[in-house]
Amino acid sequence: MRHKLDENRLSQDALDIEVKRVEKILEENISEGGVRSIKKLVHSLQVYQEELTLQNIELERHQQESDILREYYYTLFNLLPLPAVYVDERLHVVDSNQAAKNTFRSENISLGITNSLMKSLSRDSIQLLYNSIRSNTYPIYLEVQGNNQDVQIFYDLVLTKLNDCEDEGKFLIVFKDTTIEQKLKEKNAIFLSVLNSSSDSIISLDMKGAVKEYSRNLCQYTVETNNENIIESLPLPIKKEIDNYIEHKVKLNVRHEKTIEVIVKNVRHPLWLRIQLFPVEESGIIVGTGCIISNHTESIKQEKEISNLAYYDHLTNCGNRRLLRLRVSKLISQVDNPSFTMFFVDLDHFKDINDIYGHNVGDEMLVQVASRLKKAIRPFDELFRVGGDEFLILFHQLPTEMSSDRAYRIIEILSTPFIIDEKELVSSASIGISRFPEDGIDFISLYKKADTALYKAKKNGRKRFRFFSETMLLQIKKNFELEENLRKAMAKNEFSTELMPQIRCSDSTCQNVELLLRWNNEVIGLVPPNDFIPVAERSELIHTITEFVIEDAINKIKALNKFSPKKVYISINISKLDILNTHFFEIMKARLDKDKKIAKQLTFELTESVFSDSYTLIVDRLNQLKLLGVSISIDDFGTGYSSLSQLSELPIDELKIDKSFISKLGSDESDKKICLAILSMAKSLGYRCVAEGVESEEQFNWLASIFCDYSQGYFHSKPITFKDFISRYV
Ligand code: C2E
Ligand code: CA
Ligand code: CA
């Protein structure tokens, strides 16, 4: 524009000179007509001159405006707080504003702005700028990087080409330092990755409870994953705790950290969660809530497994004694003191099952017992396994009259044979019962009393139940003392034996005797075998006693054999536990191998109940004993439950009719019939028959008349000493 103005000015000055020169020529030389036309021309020229003047005025105005704009622009350019530079196509800085000078030259002060800009930006960023200029589409927005004193700096820049003709080929670049934002972004990214990599779920909420940030794994607890609803879609227990904390702590400006355990049941499977809530502060002012949710399900599960091991029996899945103790103690401590009844259930002769069939069969039987018992109790009653074959049932609020029914029922279901490994195993159970609060007000005494009642039930013949009573305790105390004395009896030489003759009915001669044990304690005096034998059986003292008796019998046979040519046969009483004892046979074999002939003069008496269970094993063992040479007799025959069909298969030699049938022979016709039946059966099977408890001549005569083989009883003789026996019968 300036150029144009200058040009105009030049042409006007030249025109003025030319007009004057033409006027002079005209005045000197030109005709009037020519002058007129020349004047017309001059007039035109003057008009043109005025136009030019006006044009000049206009141009000057534009020039002024343009200068103002240019100044305005430069002021703006210089005052711009953002670094801005003009560069040429090779990125050489043509001009730069103050901010750019400050930024790019602060550290590279010795370098020119061009070089310092180049140095400040990374090679990649420079390349990016070159490429952008070449692409020729403006404006261009770029993110570039540089560094200042080894500190990474980030810029957002805008690059544009200037269209002003004077600035042709120049580019304006305006920089914005975004280092702080970038660092914040980076920090945020780190924070988010930490947040998301934590196994715990973290939520940051503002003062109103709106979620600001949360870790991705929070979604494991939510139904929907919509960001806005994340809190709303959390399970109720978590949401309630967070709301409650914000309402009662954060909003009230209370600095209080809180940890709560909650169980969440509505997400697939139960979760055990720990929720930590704490205030988030900025410069000492509470600005929101922090929440960390940690999942403890696995550790709780492990704890549960451990407690399962501690409180449950792994074989039957029943609670164990420790759990029973906890339950009972808890029940007792309840304010309303609910009554309960303990059934102590013990399998009869379970040890035999284990010994005979092995532990696998025993275990399977216990599993089946537990399963039967579970079916026999109400859903709210509880079953525990408190020992090998001992179970305890906790009946809640069971009236006494119903206790008996339950006990009968349990005995019945456990008497049904168990099928294990295709074997049919017969068992039975005994039950002891104690009641809260009648029998005791603490676990130990209730447990002990149920055990006492059980002991009594067993002692009374098993397969039965007993309620605890105080007299039981006295009885047990007595038995306990008896056992103590019995243990010392052998060493103190308190045992002796008597002989009871068995008279041959056909000729009233005596060649057979039953050896009966006597215990004379220095304090208690003479204790009847019916009192101490069961005690000995329970304490396993029975084996020592049996060995003593057998040794005594052998010695007596040997002595008699030496003393007289007449053979005397001695019967001894053997406990079922001896037969079941795995070592018994070996002991007998070792003993009788020394005196082979003597075995033939020995008879082992076993009560009929020996066959009530473990039948096959007992028969096996008896066969083995018979091979040693001894005879086998069934004692107290008629009182037990051996089936007649079984009787023919038994490896026995003799039946002893129980004294209860003999004592009523005179008065009871049916007993006569029983005696006759037993006798004829014994004869047909080839067994000897002995009648026991014969107290009168009449009884003896009748027995003789039906051809009973032997008669034993007070009618002939009470048990007598060996010495007396010799003097009377040998
Ligand atoms: P048991 O084998 O039936 O023995 C017979 C019992 O009946 C003996 O009692 C005997 O004295 C008694 N008795 C025999 N005849 C008559 C009679 O006519 N009238 C009456 N009222 N009683 C009669 P004891 O000696 O008291 O023995 C009782 C039980 O003790 C025996 O019954 C037997 O089962 C057991 N016993 C005795 N000695 C031993 C032993 O050495 N070992 C084992 N395991 N048990 C034994
Ligand atoms: Ca006997
Ligand atoms: Ca008997």
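Every value quoted in this text rests on a predicted model; they were computed, and no experiment measured them. All ligand and atom numbering here is 1-based and tracks the order in the structure.
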K.L.:
Please check whether Pro719 reaches ligand 1 - meaning an N/O of the residue sits under 3.5 Å from an N/O of the ligand, judged on distance alone.
P.N.:
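There is no such contact.
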
K.L.:
Among all protein heavy atoms, pick the one closest to atom 6 (C) of ligand 1 and tell me residue, atom and distance.
P.N.:
Lys659 NZ, 3.8 Å

K.L.:
Specify whether an N/O/S atom of Glu514 falls short of 3.0 Å from the Ca ion (ligand 2).
P.N.:
yes

K.L.:
Do NZ/NE/NH1/NH2 and the carboxylate oxygens of Asp389 and Lys351 come within less than 4.0 Å?
P.N.:
no

K.L.:
Run the numbers for me: atoms of ligand 1, each under 4.0 Å from some heavy atom of Gly693, listed by number.
P.N.:
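Matching atoms, with element in brackets: 15 (N), 16 (C), 17 (C), 18 (O).
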
K.L.:
Taking only heavy atoms of Gly713 into account, list the atoms of ligand 1 that are under 4.0 Å away from them.
P.N.:
15 (N), 18 (O)

K.L.:
Hey, are Glu654 and Ser633 close enough side-chain-wise for a donor-acceptor pair under 3.5 Å?
P.N.:
yes

K.L.:
Quick test of your reading of the model: are Asp653 and Arg688 salt-bridged, counting only N-O distances below 4.0 Å?
P.N.:
no

K.L.:
What is the name of the N/O/S atom of Asp635 that is nearest to the Ca ion (ligand 2)?
P.N.:
OD2

K.L.:
Looking at Lys659 and Glu695, does any basic side-chain N land under 4.0 Å from a carboxylate oxygen?
P.N.:
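No, no charged N to carboxylate O under 4.0 Å.
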
K.L.:
Would Asp658 count as a contact for the Ca ion (ligand 3), in the sense that one of its N, O or S atoms lies under 3.0 Å from it?
P.N.:
no

K.L.:
For the backbone of Thr416 and the side chain of Arg372, can you confirm whether one donor and one acceptor N or O come within less than 3.5 Å of each other?
P.N.:
yes

K.L.:
Heavy atom under 4.0 Å from ligand 1: found in Gln712's side chain, backbone, both, or neither?
P.N.:
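Contact part for Gln712 vs ligand 1: neither.
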
K.L.:
Evaluate the criterion salt bridge (Lys or Arg N to Asp or Glu O under 4.0 Å) for residue pair Asp552 and Lys556; output intermediate values, then yes/no.
P.N.:
CA-CA 6 Å; Asp552 185 75; Lys556 286 191 164 60; 2.9 Å; yes

K.L.:
Any idea which part of Pro528 is under 4.0 Å from ligand 1, heavy-atom wise: side chain, backbone, both or neither?
P.N.:
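None of Pro528 does.
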
K.L.:
Backbone or side chain, does Glu605 get an N/O/S atom under 3.0 Å to the Ca ion (ligand 2)?
P.N.:
yes

K.L.:
Tell me which part of Lys656 gets within contact of ligand 1: side chain, backbone, both or neither, using heavy atoms under 4.0 Å.
P.N.:
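It is neither part, as no heavy atom is under 4.0 Å.
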
K.L.:
Which residue and atom name correspond to the protein heavy atom nearest atom 42 (N) of ligand 1, and how close is it?
P.N.:
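So the nearest neighbour among protein heavy atoms is Asn573 O, 3.3 Å.
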
K.L.:
What do we get for Thr497 next to ligand 1 when only non-hydrogen atoms under 4.0 Å count, side chain, backbone, both or neither?
P.N.:
neither

K.L.:
Provide the number and element of each atom of ligand 1 under 4.0 Å from a heavy atom of Met500.
P.N.:
14 (C), 15 (N), 16 (C)

K.L.:
Does the protein put a heavy atom less than 4.0 Å from atom 15 (N) of ligand 1?
P.N.:
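When distances to the protein are checked, atom 15 (N) of ligand 1 has a heavy atom within 4.0 Å.
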
K.L.:
Between Asp346 and Lys458, does any NZ, NE, NH1 or NH2 come within less than 4.0 Å of an OD or OE carboxylate oxygen?
P.N.:
yes

K.L.:
Test salt bridge (Lys or Arg N to Asp or Glu O under 4.0 Å) on Lys576 and Glu608; report intermediate values, then the result.
P.N.:
CA-CA 10 Å; Lys576 180 183 178 179; Glu608 208 181 344; over 6 Å; no

K.L.:
From Thr607, does some N, O or S atom reach closer than 3.0 Å to the Ca ion (ligand 2)?
P.N.:
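No N, O or S atom of Thr607 is closer than 3.0 Å to the Ca ion (ligand 2), so no.
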
K.L.:
Quick one: which ligand 1 atoms are inside 4.0 Å of a heavy atom on Ile533?
P.N.:
43 (C), 45 (N)

K.L.:
Are Phe344 and Tyr447, when compared by the centres of their aromatic rings, separated by less than 6.0 Å?
P.N.:
yes

K.L.:
Does Arg518 pair with Glu494 as a salt bridge, N-O distance under 4.0 Å?
P.N.:
no

K.L.:
If you measure from each non-hydrogen atom of Leu517 to ligand 1, which part falls under 4.0 Å: side chain, backbone, both or neither?
P.N.:
both

K.L.:
In the protein, which heavy atom is nearest to atom 21 (N) of ligand 1, and how far is it?
P.N.:
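Ranked first by proximity to atom 21 (N) of ligand 1 is Glu695 OE2, 3.4 Å.
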
K.L.:
Check ligand 1 against Arg518 and write out every atom of the ligand that is under 4.0 Å from a heavy-atom position of the residue.
P.N.:
25 (O)

K.L.:
Consider every N or O of Glu514 and every N or O of ligand 1, then say whether any pair is closer than 3.5 Å.
P.N.:
yes

K.L.:
What is the ring orientation for Phe532 with Phe495, classed by angle as parallel under 30°, tilted 30 to 60°, or perpendicular over 60°?
P.N.:
tilted

K.L.:
Identify whether the distance between the nearest side-chain nitrogen and carboxylate oxygen of Arg435 and Asp439 falls below 4.0 Å.
P.N.:
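Salt bridge between Arg435 and Asp439, a charged N being under 4.0 Å from a carboxylate O: yes.
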
K.L.:
Could you tell me whether Asp507 and Arg504 make a salt bridge, using a distance below 4.0 angstrom between a side-chain N and a carboxylate O?
P.N.:
yes

K.L.:
Can you list the ligand 1 atoms lying under 4.0 Å from a non-hydrogen atom of Asp636?
P.N.:
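Per the distance check, 3 (O).
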
K.L.:
Between ligand 1 and Ser575, is the shortest N or O to N or O distance under 3.5 Å?
P.N.:
no

K.L.:
For atom 30 (O) of ligand 1, what's the nearest protein heavy atom and its distance?
P.N.:
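The closest one turns out to be Pro529 CB, 3.3 Å.
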
K.L.:
In terms of side-chain geometry, is the basic nitrogen of Arg487 or Glu483 positioned less than 4.0 Å from the acidic oxygen of its partner?
P.N.:
yes

K.L.:
Less than 6.0 angstrom separating the ring centers of Phe384 and Phe391, yes or no?
P.N.:
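Phe384 vs Phe391: aromatic centres not under 6.0 Å.
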
K.L.:
Can you classify the ring geometry of Phe584 versus Phe604 as parallel (below 30°), tilted (30 to 60°) or perpendicular (above 60°)?
P.N.:
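Ring orientation of Phe584 relative to Phe604: tilted.
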
K.L.:
Heavy-atom distances under 4.0 Å decide this one: backbone, side chain, both or neither, for Ile572 against ligand 1?
P.N.:
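The answer is neither.
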
K.L.:
Would you call Lys492 and Glu522 a salt bridge, taking side-chain N to carboxylate O under 4.0 Å as the test?
P.N.:
yes

K.L.:
List the closest protein heavy-atom neighbour of atom 32 (O) of ligand 1: residue, atom name, distance to the nearest 0.1 Å.
P.N.:
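Going by distance alone, atom 32 (O) of ligand 1 is nearest to Asn530 OD1, 4.7 Å.
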
K.L.:
Considering only the protein, which heavy-atom contact is closest to atom 18 (O) of ligand 1, and what is its distance?
P.N.:
Tyr714 N, 2.9 Å

K.L.:
Who gets closest to atom 10 (C) of ligand 1 by heavy atom: Val694, Leu516, Ile662?
P.N.:
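Ranked by closest heavy atom to atom 10 (C) of ligand 1, first place is Leu516.
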
K.L.:
What atoms in ligand 1 come closer than 4.0 Å to a heavy atom of Val549?
P.N.:
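Selected atoms, number and element: 41 (O).
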
K.L.:
Does Asp709 come within less than 4.0 Å of Lys683, counting only side-chain N to carboxylate O?
P.N.:
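Result for this pair is yes, salt bridge flagged.
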
K.L.:
Check Glu692 against ligand 1 and report side chain, backbone, both or neither, counting heavy atoms closer than 4.0 Å.
P.N.:
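For Glu692, only side-chain atoms sit under 4.0 Å from ligand 1.
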
K.L.:
Angle at the Ca ion (ligand 3): provide the value between OE1 of Glu692 and OD1 of Asp636, rounding to 10 degrees.
P.N.:
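OE1 of Glu692 and OD1 of Asp636 make an angle of 100° at the Ca ion (ligand 3), to the nearest 10°.
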
